[in-house]
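What follows is a single structure, written as structure tokens, with notes after it.
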Amino acid sequence: MGSLRAGPRRAGRKSTTREPIIQEPEAYDPEGSEGFEPEATRRDADVTESTRANRGWWDRNADEYQSEHGTFLGDDRFVWGPEGLDEAEAELLGPAEELKGKEVLEIGAGAAQCARWLAAQGAWPVALDLSHRQLQHALRIGGSFPLVCADAGALPFADGSFDLACSAYGALPFVADPRLVLREVRRVLRPGGRFVFSVTHPIRWAFPDEPGPEGLSVSSSYFDRTPYVEQDEQGRAVYVEHHRTIGDRVRDTVAAGFRLVDLVEPEWPAWNTSEWGGWSPLRGNLIPGTAIFVCERD
């Protein structure tokens, strides 16, 4: 099962990311004891529990995440996943020269690196994230576009507010009902609007989340949709990821009123020597790690 929680062990490309200079958050200690390690399990987790757990996890771990991932992500690059596929080359939202003046919503923006790249192309982005702490990092890096702290399943925007929407590993892997998010995105898009989102490739859920040879053998059923949950000693979820098969993702997007234009499975490039959790050159050259869905609202 692939998770974006772990940072890359080695740098990818050059970046100008600075070290965090914002105030340290309060440490989370669910049992009042140092060194607490959550228990990893597979169990059901509904919309409310998933949202609460993941908001807390990203608030607590935003500093470490940005510190470990900053070099790879850069301050103003638009990267679709650990493979390093760059929107400047992929043009999944459209040619860069056609982005000027477009109103774009980035969902699960983190430190808003993608929104910052979009702004540099002349677009008018809005960066939205569930985690207040992640958006503090967006403030630290800077930018002239709005930052919004909100749930992707209840977008605080009027119908037809945006020309485009995007999400690079944001929100959709962590929500119990992705159809809620997809319907909301469709609602805030104008007719003809495009939504492009990337998630862990569903096939990765059948393999251990390991970058080495041990991550190349199937260990569980691809069809087991039971969520991955990390919980404290009282059984409270502190992190949740949800699995959907490729077929589920396609049906979800169509049921939400989108037309699936393309499904991109990035190959691992020769320049990328970094490991990022369970993503690595070894695995990336053999099995896909990311799935990118290109959708349009009719």
Side-chain angles (χ1 to χ4, degrees), residues 12-16 72-129 138 141-148 150 152 155-172 181-199 249-250 252-254 256-267 269 271-272 290-298:
R13 290 180 173 177
K14 183 178 179 181
S15 164
T16 59
F72 185 88
L73 295 173
D75 284 351
D76 54 4
R77 288 179 63 209
F78 193 137
V79 182
W80 284 109
E83 294 83 5
L85 179 65
D86 201 307
E87 174 61 12
E89 301 170 0
E91 297 186 336
L92 300 181
L93 290 170
E97 61 271 17
E98 296 181 9
L99 296 174
K100 186 175 182 179
K102 295 290 181 67
E103 294 182 274
V104 189
L105 175 62
E106 183 188 3
I107 299 168
Q113 287 95 341
C114 300
R116 209 166 283 109
W117 180 86
L118 288 163
Q121 313 312 308
W124 296 93
V126 173
L128 179 142
D129 201 281
I141 299 172
S144 58
F145 46 86
L147 305 176
V148 178
L155 297 173
F157 308 108
D159 297 358
S161 296
F162 298 94
D163 301 300
L164 301 166
C166 58
S167 185
Y169 275 85
L172 284 161
V181 175
L182 290 164
R183 286 196 293 265
E184 276 291 273
V185 175
R186 185 187 184 279
R187 180 184 64 79
V188 303
L189 278 176
R190 298 179 179 119
R194 175 170 286 203
F195 177 41
V196 184
F197 67 92
S198 62
V199 295
R249 292 287 185 199
V250 171
D252 288 346
T253 57
V254 173
F258 284 105
R259 177 168 54 89
L260 185 62
V261 176
D262 198 1
L263 172 55
V264 180
E265 299 166 295
E267 296 186 38
W271 64 260
N272 189 351
T290 296
I292 309 174
F293 295 80
V294 183
C295 317
E296 288 185 354
R297 175 189 171 175
D298 292 328

Task: side chain to side chain donor-acceptor pair (under 3.5 Å): pairs with one or both residues in residues 182-191, sequence neighbours excluded - done: E103-R190, D159-R187, D163-R190, E184-R187
TODO: Would you mind reporting whether L128 and P156 have side-chain heavy atoms less than 4.5 Å apart?
DONE: yes
Open item on the list: Tell me whether D129 contacts the main-chain N or O of G110 through its side chain, where contact means a donor paired with an acceptor under 3.5 Å.
Closed with: yes
Open item on the list: If I compare all heavy atoms of P125 with all of P146, which pair ends up nearest, and what's the gap?
Closed with: O-CD, 3.4 Å
Open item on the list: On a heavy-atom basis, which atom in F72 and which in G81 lie closest, and how many Å separate them?
Closed with: CE2-O, 3.7 Å
- [ ] Tell me, yes or no, whether the heavy-atom count around E267 atom CD, taken from other residues, nucleotides or ligands under 6.0 Å, exceeds 12.
- [x] no
Open item on the list: Using side-chain heavy atoms (C-beta onward) and a distance below 4.5 Å, is L172 in contact with V181?
Closed with: yes
Task: Backbone N/O of I107 and side chain of S167: donor-acceptor pair under 3.5 Å - done: yes
- [ ] Look up atom CG in L93 and atom CD in E98, then write down how far apart they are to the nearest 0.5 Å.
- [x] 11.5 Å
Task: Euclidean distance, T253 OG1 relative to R259 CZ, rounded to 0.5 Å - done: 11.5 Å
TODO: Decide yes or no for F258 and V250: does some side-chain heavy atom of the first lie under 4.5 Å from some side-chain heavy atom of the second?
DONE: no
TODO: Take E265 and T290 through the test side chain to side chain contact (heavy atoms under 4.5 Å, CB included) and record every step on the way to the result.
DONE: CA-CA 6 Å; E265 299 166 295; T290 296; over 6 Å; no
- [ ] Kindly indicate whether the side chain of C166, heavy atoms from C-beta on, has any atom under 4.5 Å from the side chain of L105.
- [x] no
Open item on the list: Can you tell me how far apart NZ (K100) and CH2 (W124) are? Round to the nearest 0.5 Å.
Closed with: 10.0 Å
TODO: Can you see which heavy atom on V104 is nearest to which on A123, and at what distance?
DONE: CG2-CB, 4.1 Å
Task: Heavy-atom side-chain contact between I292 and L85 under 4.5 Å - done: yes
TODO: Could you pull out all residues at least two apart from F197 that satisfy ring pair (Phe, Tyr, Trp, His ring centres under 6.0 Å)?
DONE: F195, F293
Open item on the list: Any carboxylate oxygen within less than 4.0 angstrom of a Lys/Arg side-chain nitrogen, looking at D75 and R116?
Closed with: no
Open item on the list: With a 3.5 Å distance limit and no angle check, can you tell me whether R194 reaches the backbone of V261 through a side-chain donor-acceptor pair?
Closed with: no
Task: L164 and F162, any side-chain heavy atoms less than 4.5 Å apart - done: no
Task: Side-chain heavy atoms of Q113 within contact of D76, under 4.5 Å - done: no
Task: Any donor-acceptor N or O pair under 3.5 Å, side chains E87, W80 - done: yes
Open item on the list: Once rounded to the nearest 0.5 Å, what's the spacing between atom CH2 of W271 and atom CD of E83?
Closed with: 9.5 Å
TODO: List the atom of A112, the atom of F145, and the distance in Å for their closest heavy-atom pair.
DONE: CB-CE1, 3.7 Å
TODO: Supply the atom-to-atom distance L155 CG to L189 CG, rounded to the nearest 0.5 angstrom.
DONE: 9.5 Å
- [ ] Only counting residues at least two apart or in another chain, list the ones meeting side-chain contact (heavy atoms from CB on, under 4.5 Å) with A120.
- [x] none
TODO: Indicate yes or no for a side-chain donor-acceptor contact from S198 to the backbone of Y169 under 3.5 Å, with no hydrogens or angles considered.
DONE: yes
